[in-house]
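Counting starts at 1 for both ligands and their atoms, following the listed order. Hydrogens, waters and symmetry mates are skipped; everything else that's a heavy atom, side chains included, is used.
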Amino acid sequence: MAFFLSYSTPIAHHKICTVFSSKQGSRHAVDQFGSVTLKAMPEEMALIVTNGSSNNKIPHVLTMAGSDSGAGAGIQADLKTCAARGVFCSTVITAVTAQNTLGVQDVSILPEESVAAQLKSVLSDMHVDVVKTGMLPSTAMVKILHDSLKQFPVQALVVDPVMVSTSGHVLAGSSILDMFRQDLLPMADIVTPNIKEASVLLGGVQLETVTDMRSAAKSLHDMGPRNVLVKGGDLPSSSDAVDIFFDGKDFYELRSSRIQTRNTHGTGCTMASCIAAELAKGSSMLSAVKVAKRYVETALEYGKGINIGNGPQGPLDHMFKLKRKNSSKLRLFEPSDLFLYAVTDSGMNKKWGHSITDAVKAAIEGGATIVQLREKDAETGEFLEAAKSCLEICRAHNTPLLINDRVDIALACDADGVHVGQSDMPVNTVRALLGPEKIIGVSCKTPEHALKAWADGADYIGSGGVFPTNTKANNRTIGLDGLKTVCLASKLPVVAIGGINLSNARSVMELGVVNLKGVAVVSALFDRECVAVETRKLHNLLTENVANVGSAVTEDV
Ligand SMILES: Cc1ncc(COP(=O)(O)OP(=O)(O)O)c(N)n1
Ligand SMILES: Cc1ncsc1CCOP(=O)(O)O
Ligand SMILES: [Mg+2]
């Protein structure tokens, strides 16, 4: 992933001790022991440091955890998760457990010298981006980790405070609880306890409600980690799976529907290693957590049918992509897809004698990075046929195709997603219908809309009309200020829409807000004789402008 800023050049190798956030909001060295090396730098600079690899280096997570013979959790879950997320994973094995779907039958802790040697071998040679810890069965291992990270700093440390297996087996004795509190948590960029682990870390407090989880996140944050994720999968009497993320300033309530399945073994390790993988790729912490929650939800959904072992708890399906029926067709969303967003209009196509397929082909030829079919006047049957034909074209060019408003059409043709407005079907209902992997965009004019978009599970925001437009009747213009306010209110990627053309696109991109990823355009592309030429002109203008202005448009938020 490349980042462009006019005032700096990408740094080839980024093993510099920056982390993603701190209580003060500045960046600083990962080492919290001894002499803390504070390195305040602007967010954009840090993004270059953490992402600006010019040597095609694969993102790398090192997991320090126990082996699970049943392969649902531990080292095996971490390896599978990283592989599924496209990240290299090296391993430091702390213990070998004998486990199956019935529970834990045996635990052999590895000699400390072996753990130290494994850490040194990998850290000294292999350019690790992020370290993730799971089972740390002795105080000496925490100390070894600390010393190793001091010698070989990494970008971030993700701590999954594994203490008790889901079957109730104690995997880290009480002697190391103090070490966790005093030494491990202050080193962590994020700690990811479940309800039981949070309770143990806090000296046995009862956690029964979402409000309790918020207090626990706050108390754990006071122990030193820069971010806390308290996972509420085991929360009694909650129909949703609610997790609380706290970054020291704001609380985020992350909800997903509870999936009814016996196969939940390994969800904790999987969540933490997916967070680590996303961080290694350059995501912000909040974005990494959100992606990880969606990944776990999908792995649970796909793993429902797995029938392994006779015990009460089987593994989830980390590699679901391998068995998805139409896996070659799936187009996962990247925020950079929003760069030049072409939105069709049947009236304009008729006016110029363009078929919808020719118009879509031309837009893609000119450089459109995503297409939305916005066919307000089409009959359902006609819309569906057009969508199927356009989907073939988009798939052939690896360009996502979204459907405006009509979730039924998107489902019927297996489009990549849907764009809805504030008065269309609510985003959380669309998500429930389309599943975790489809792309959902929502129109937002206010910060309140933007906050709700995040909470409801949207992937991006369309914000406008930025300028007056004749394409959408009675549409309130929010201006560049309104657009900026929406961008700043959300971590979601935003695409600007409304009256955008060759003469004003530059002023939009000059806003320079990190999550403003591109422009969505109807008339300046489609109310023209030659769609490909107009699209190419706008694409060139945006590309030049991004290089000049230095907005990190490809950052994954
Ligand atoms: C990318 C993008 N952003 C906003 C809109 C507008 O959607 P909505 O508010 O639902 O209005 P209609 O397009 O349905 O008239 C959009 N379509 N695309
Ligand atoms: C669909 C939509 N939503 C807000 S403004 C708008 C119309 C954008 O069309 P144009 O690019 O022609 O102004
Ligand atoms: Mg709509």
Side-chain angles (χ1 to χ4, degrees), residues 333 335-349 351-352 359 363 366 368-378 383 387 399-410 415-427 429-430 439-446 449-450 452-453 456 458-480 482-483 486-487 490 492-505 507-508 515-528 531 534-535 537-539 541-542:
F333 177 66
S336 56
D337 291 337
L338 301 175
F339 188 61
L340 178 45
Y341 189 143
V343 183
T344 68
D345 182 294
S346 46
M348 293 176 195
N349 286 337
K351 174 175 161 191
W352 292 99
T369 52
I370 189 166
V371 175
Q372 178 191 135
L373 297 190
R374 182 174 178 272
E375 298 297 298
K376 291 293 187 188
D377 304 325
F383 196 169
T399 305
L401 179 82
L402 309 192
I403 306 293
N404 178 274
D405 294 349
R406 299 285 302 266
V407 180
D408 56 340
I409 301 275
D416 297 302
V418 165
H419 186 95
V420 286
Q422 291 295 324
S423 49
D424 297 321
M425 188 182 285
V427 169
T429 312
V430 181
I439 305 168
I440 303 178
V442 62
S443 308
C444 297
K445 284 185 189 288
T446 65
H449 289 164
K452 187 160 164 30
D456 286 351
D459 292 298
Y460 77 86
I461 286 170
S463 188
V466 178
F467 304 111
T469 177
N470 292 325
T471 307
K472 183 170 166 63
N474 305 320
N475 185 52
R476 183 166 68 83
T477 303
I478 62 169
L480 289 168
L483 170 65
V486 167
C487 290
S490 179
L492 284 175
V494 178
V495 62
I497 189 166
I500 297 172
N501 55 40
L502 280 170
S503 58
N504 59 22
S507 64
V508 176
N515 57 331
L516 178 60
K517 299 296 180 186
V519 295
V521 182
V522 186
S523 50
L525 304 186
F526 294 107
D527 199 4
R528 299 286 188 275
V531 174
E534 297 305 320
T535 313
K537 280 191 210 157
L538 189 53
H539 189 277
L541 186 141
L542 290 172

What protein heavy atom lies closest to atom 17 (N) of ligand 1? Include the residue and the distance to one decimal.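 Of the protein heavy atoms, Q372 OE1, 2.9 Å lies nearest.
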Among all protein heavy atoms, pick out the one at the shortest distance from atom 7 (O) of ligand 1; state its residue, atom name and that distance to 0.1 Å.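 Minimum-distance protein heavy atom for atom 7 (O) of ligand 1 reads S443 OG, 2.8 Å.
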What do you reckon, does G421 have a nitrogen or oxygen under 3.5 Å from a nitrogen or oxygen of ligand 1?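 For ligand 1, there is an N or O atom that lies under 3.5 Å from one belonging to G421.
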State whether the shortest distance between N or O atoms of N404 and N or O atoms of ligand 1 falls below 3.5 angstrom.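 Yes; the residue has a nitrogen or oxygen that sits under 3.5 Å from a nitrogen or oxygen of the ligand.
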Is V420 in contact with ligand 1, taking contact as a heavy-atom separation below 4.0 Å?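 Contact present.
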Does a donor on one side chain sit under 3.5 Å from an acceptor on the other, for N475 and K445?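 Result is yes, a qualifying pair exists.
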D405 and its side-chain contact (heavy atoms from CB on, under 4.5 Å) partner, picked from V418, D424, L373: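 Checked V418, D424, L373 against D405; only one passes side-chain contact (heavy atoms from CB on, under 4.5 Å): D424.
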A520 versus V343, closest heavy-atom pair with distance: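 The answer is CB-CG2, 4.2 Å.
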Closest non-hydrogen atom pair, N515 against L492: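 Between these two residues, the closest heavy atoms are ND2-O, 3.0 Å.
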Measure from atom 16 (C) of ligand 1 to every heavy atom in H419, R406, M425 and give the option owning the shortest one.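 That would be H419.
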Report the relative orientation of the aromatic rings in Y341 and H419; use parallel for angles under 30°, tilted for 30 to 60°, perpendicular for over 60°.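 Judged by the thresholds at 30° and 60°, the geometry between Y341 and H419 is perpendicular.
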Location of contacts on Q422 toward ligand 1, heavy atoms closer than 4.0 Å: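 Within the 4.0 Å criterion, Q422 makes no contact with ligand 1.
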Which value, rounded to 10°, describes the OD2(D424)-the Mg ion (ligand 3)-OD1(D405) angle?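 Between OD2 of D424 and OD1 of D405, the angle at the Mg ion (ligand 3) is about 90°.
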When you compare the side chain of L516 with that of V508, does any pair of heavy atoms fall below 4.5 Å?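 When only atoms from C-beta onward are counted, L516 and V508 do touch, with a gap below 4.5 Å.
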Show me, by chain and number, every protein residue that has a heavy-atom distance under 4.0 Å to ligand 2.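 Ligand 2 pocket, heavy atoms under 4.0 Å: R374, T469, T471, K472, N475, I497, G498, G499, V521, V522, S523.
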Taking side-chain hydrogen bond (donor to acceptor under 3.5 Å, both in side chains) as the criterion, tell me which of N349, N404, T344 meets it with E375.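 Passing option: T344.
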